[in-house]
Amino acid sequence: MLTPAQRAAKADLADTLLAAAPASEKDGAWAREARALAARRLREMGAPVRRDEYWRWTDPATLTQLEEPEAAVFSDADESPVFEAAGGLKLVFADGVFRPDLSDPLDGIEGVEIAPLSEAMGADIHWAKDIYGALEGEGHYVPRPLAALNTATARQGFAVRVTGRADRPLHFRYLHQDTRSDAVVHHVVRLEPGAELTVLENGPAAARLNGCMEVDVADAARFHHVRAQGRAHERRAFTAMFARLGRESAYKSFTLTVNGALTRNEQVVDFNGDDAVAHVAGACVGDGDFHHDDTVFVTHDAERCESRQVFKKVLRGKAKGIFQGKILVKAGAQKTDGYQISQGLLLDETAEFLAKPELEIYADDVACSHGSTCGAVDEDMLFYMRARGVPRAEAQNLLVLAFLAEAVQEIEDEALADEVRDRIAGWIDRRR
Amino acid sequence: MLEIRNLHVKLEEEDKAILKGVDLAVEAGTVHAIMGPNGSGKSTLSYVLSGREGYEVTEGSATLLGEDVLEMEAEERAAAGLFLAFQYPVEIPGVGNMTFLRTALNSQRKARGEEELSAGDFLKLIRAKAKDLKMSQDMLKRPVNVGFSGGEKKRNEILQMAVLEPKMCILDETDSGLDVDAMKLVADGVNALRSEGRSFLVITHYQRLLDHITPDVVHIMADGRIVKTGGPELALEVEREGYAHLAGEAA
């Protein structure tokens, strides 16, 4: 429990963070209100500190520090651009700022309306009003102050409305060019009934990123998301995805993380309609100072919905992997099928994996299971492979890929899954 | 081919000698069998030769074609031509049988300075070998040994042997857990690989495998030593008289 003085300090820090963000005069009335509500939420929650229950294992200090963050720019010129082969409509950000000169025209996917966030926020009336800050605001079963800060201050991002089945992915690429960049990006995605879209994201984004995506998936719509947070060693990121799912809809999100000083990926999924499906998965590989945190909260408030959480972490050196995952099944959410697995593979004795799986169930006819394991590479497997001539390092890489396979399998598109497998194979060899 | 001289081995973790002076020479193109009771050190000998960790050689030597194998890493021994067919083949979830075998073959070729085999050529090779051992496409695609029956696992060992074409093959109780038909299939696979440049060391408790794979020389091992050496008739003697009789005779 926090003392009154500690609570006051959290509120003060919240005020300081809000004051540090530049005000925009271009916001329309609805946007001003959405930001004011987010600011109020943040003040009430206070800025995150280590004493908070969901920040015990991940120190938020560098995510809230006022001094400019700093991270060396990492060159990935030794490999082809990630997800290039998927042929998506590419929207490029450099240090968190949209770069039209590097991007495709916004009207390149039939049935998908894309508008810069600033344009949507500047309009007096906009469909994004029902989503921007709304899903994030509903997502506070546990405090998510950094997401509220994002809603209150974001100037960059896109409002994406999908009315049909997109025939190509939407691809956000985040370049990091300035060692001292601090990026805040917020996307809003609305899938109308029966619509379908795949969103790809890749790149280190900035020295520090606060990224939010709110996804409203209407009845029978399908949303796929594949993300690669790759290779740059010193970058820091807080990301949060909020999904609201309608009847018979599907939401599938997979994240691959390699390297990075600090990554906290939050996923908040709410089932609002019956018979929907949500799969959230993540694979990560890290070395040295790597700190990786997946915090997931799935709420079943409808019948016969299926949720899966599959998270795998490969940790070398002093790397630290965190998993905090919850399945909340509300009264009446009968026939819920909930599954959660989190596993750590420790390649060195100095690595650490910390897991907090939680189940909270108020319905009586549900099937929920969860598991968490942590271990080293199996010496018998390693010897068997070496006895057939496979050198130790290569054998270990094969076992690492095998370990991550269950998470990668969650990617529905085979070509994207194959690319992710190839990247992992390349990245574990070139992790320096 | 394989020459073992006065080999003494103890467990790394405890002060317990397991091999107490093994002498054995396997000539090129021959099949030697080692028989012996439980705990005589047969499996330890196979592990020490293939490079498993946890053992300490305190005395003696082992050479393959004149090269000291005890100084090599396990993968180097494999590339040099040593092959151990495991008593308990290991299951590796998530690693495809074909991927594994191709990686193994190309790793060995690379280590020997040979050209790596292309995906197409490898496919042709493995399909032909699998057919001989009556292994389905499905077994090739599945993860290594996962969901395989005991017989399928042993056939998979022989398939690996056929693809990797080692010079010195050690079969560690390959007959354990096999029914008569499976044993015949495995033995046929081994017999097909017998050649002038390839030798076998067949470790077994029972005579029955040796009905199918006829050895040139039979050794009896007891308490960490070879206590008796003879022809195929020695295996029959074991079957008739038991190990206690032979071990007693040697002592």
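Model, not experiment: these values are computed from the prediction. Chain identifiers are assigned alphabetically (A, B, ...) following the order of the sequence lines, protein sequences preceding nucleic acid strands; residue numbering begins at 1 within each chain.
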Close side-chain approach of A:E406 to B:P93, heavy-atom, < 4.5 Å: no
Contact check, side chains of B:F100 and A:Y384, non-hydrogen atoms, under 4.5 Å: yes
Pair A:R392 + B:E76: basic N to acidic O under 4.0 Å: no
Carboxylate-amine/guanidinium contact A:R386 B:E53, below 4.0 Å: yes
Does atom [atom1] of [X] have more than 12 heavy-atom neighbours from other groups under 6.0 Å away?
X	atom1	value
B:R5	CZ	no
A:Y339	OH	yes
B:E67	CD	no
A:D289	CG	no
A:K356	NZ	yes
B:D121	CG	yes
B:E12	CD	yes

Any idea which of [options] has the most non-hydrogen atom pairs under 4.5 angstrom with chain A?
options	value
B:E73, B:E157, B:E91	B:E157
B:G51, B:G94, B:P143, B:A74	B:A74
B:L82, B:I92, B:L105	B:I92

So which heavy atom on [X] is nearest to which on [Y], and how close?
X	Y	answer
A:R388	B:A78	C-CB, 3.8 Å
A:L398	B:V95	O-CG2, 3.8 Å
B:A104	A:V390	CA-CG2, 3.6 Å
B:S107	A:G389	CB-O, 3.1 Å

Engaged part of [X] at the chain A interface, taking heavy atoms whose separation is under 4.5 Å:
X	answer
B:L164	side chain
B:P89	both
B:R77	neither

Part of A:E394 within contact of chain B (heavy atom distance under 4.5 Å): side chain
Aromatic plane relationship, A:F383 with B:Y47 - under 30° parallel, 30 to 60° tilted, over 60° perpendicular: perpendicular
